[in-house]
Amino acid sequence: MKSLKVLACAACLVGTISGVGFAKDVQTIAGSMVVPNNVTVVSASKTNTRDFVEKQLNEAPTKSSMANMMAKEFFQNFGTTFDVYQLQGADKTGQKDAFVVAVDVKQIAQRVAKDKASDPMFVAAMAALDKGQIDPVTEQLMLGAINKQIPTTTTVVPLNDPKRYANLKTRSGELLIKPRTLTVENAEQVHPVAGTKYQTYAASSRLLYADGNVQTPLYANAAFVLKPGKPVLYVGVTTDVQRDYFKTIFDNAFKSIK
């Protein structure tokens with residue numbers, strides 16, 4: 001009888017561990033990534049988002065026909081060159097939500113910088129992205145240059161210049177265009193990630209987006225995955241209050257891409 005109780009308890013324990021600990025693969029534009037089994041991931045390219053955006057572009061085109069054409073061309077590659085993933089999870093405090101944006105850096109660079117196609121530096125950069133590998137010397141130079149631009153203290157970055165629109169006011173005298181800023185806090189230096197299939201670099205930061213008197217605390221976690229021929233930049237964003245919940249999920253997901 002005692003042995004049966006032991007077996008029953010062991011079975012319950014295994015069932016509990018399986019329900020909590022198992023993870024699942026989710027397909028992204030650079031390959032699969034692993035997320036906890038209790039986190040739901042929805043790809044925007046597999047919803048009606050593309051149809052909705054294209055409908056908006058057709059019904060309310062921009063003043064620039066070129067910009068409208070570029071936007072339509074951009075969305076034709078939705079799901080291959082870029083995608084957006086919604087993550088939903090939950091803990092004892094309630095539901096948690098986050099978004100991950102994935103962008104094929106090589107494809108975007110080739111589209112945006114067509115005029116630099118013959119530039120030696122651009123050619124070398126594209127060759128490195130094709131190879132999916134950066135040598136140690138170049139890596140140190142690259143990281144040094146990038147990390148010099150990352151604030152080491154809390155820094156407020158202006159996103160617009162309200163003085164340019166000082167004459168645009170409401171009837172009550174308030175500025176029509178409010179100051180918009182982005183405060184960067186606890187910014188992590190870009191660093192290589194160990195134990196990945198592809199050469200990967202990551203960084204994260206707490207952010208505070210302010211539009212006039214409206215403030216939105218955010219957390220961003222980014223990884224650049226150098227998959228040969230298809231290097232992808234992933235940027236995960238959630239509210240700062242959900243930072244502790246999603247940080248490990250972001251870190252492990254980006255590290256697991258294969």
How long is the gap from [atom1] on [X] to [atom2] on [Y], to the nearest 0.5 Å?
| X | Y | atom1 | atom2 | answer |
| --- | --- | --- | --- | --- |
| Lys227 | Gln199 | NZ | CD | 15.5 Å |
| Asn77 | Asp104 | CG | CG | 9.5 Å |
| Lys258 | Thr196 | NZ | OG1 | 12.5 Å |
| Asn186 | Ser204 | CG | OG | 9.0 Å |
| Gln242 | Leu218 | CD | CG | 10.5 Å |
| Lys230 | Thr81 | NZ | OG1 | 5.5 Å |

Side chains of [X] and [Y]: closer than 4.5 Å at any heavy-atom pair?
| X | Y | result |
| --- | --- | --- |
| Phe246 | Thr239 | no |
| Leu143 | His191 | no |
| Ile150 | Glu188 | no |
| Val184 | Leu207 | yes |
| Asn252 | Val34 | no |
| Asn221 | Asp251 | yes |
| Ser43 | Val26 | no |
| Phe82 | Gln107 | no |

What are the two closest non-hydrogen atoms of [X] and [Y], and how far apart are they?
| X | Y | value |
| --- | --- | --- |
| Pro192 | Glu139 | CB-OE2, 4.3 Å |
| Thr200 | Ala223 | CG2-CB, 4.2 Å |
| Ala187 | Pro151 | CB-O, 3.7 Å |
| Tyr219 | Ser205 | CD1-O, 3.5 Å |

Run Thr28 and Tyr234 through side chain to side chain donor-acceptor pair (under 3.5 Å) and show every step you take. CA-CA 10 Å; Thr28 74; Tyr234 291 87; 2.6 Å; yes
Are [Y] and [X] linked, directly or through intermediate hydrophobic residues, by side-chain heavy-atom contacts shorter than 4.5 Å (ILVMFWY only)?
| X | Y | value |
| --- | --- | --- |
| Phe250 | Tyr245 | yes |
| Ile108 | Ile29 | no |
| Ile249 | Val42 | no |
| Met33 | Leu226 | no |
| Val101 | Phe254 | no |

Got a sec, which pairs hit side chain to side chain donor-acceptor pair (under 3.5 Å) with one end in residues 149-160, sequence neighbours left out?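 The answer is none; no pair qualifies.
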Flag, side chain of Lys24 to backbone of Val39, donor-acceptor distance under 3.5 Å: yes
When you look at CZ of Phe99, are more than 12 heavy atoms from neighbouring residues, nucleotides or ligands closer to it than 6.0 Å?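 It does not: Phe99 CZ has 12 such atoms or fewer within range.
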Surrounding CG of Asn213 (heavy atoms of other residues, nucleotides or ligands, distance under 6.0 Å), is the total greater than 12?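 Open.
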Does Phe224 form a side-chain contact (heavy atoms from CB on, under 4.5 Å) with Val193? I'd like the steps, not just the answer. CA-CA 10 Å; Phe224 185 29; Val193 180; over 6 Å; no
Under the salt bridge (Lys or Arg N to Asp or Glu O under 4.0 Å) rule, what pairs show up with a residue in residues 80-103, not counting sequence neighbours?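 Residue pairs with at least one partner in residues 80-103: Asp91-Lys96.
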Going through the checks in order, is the side-chain contact (heavy atoms from CB on, under 4.5 Å) test met by Ile146 and Tyr201? CA-CA 12 Å; Ile146 293 173; Tyr201 301 89; over 6 Å; no
Would Lys178 and Asp211 pass as an ion pair if we require N to O under 4.0 Å? no
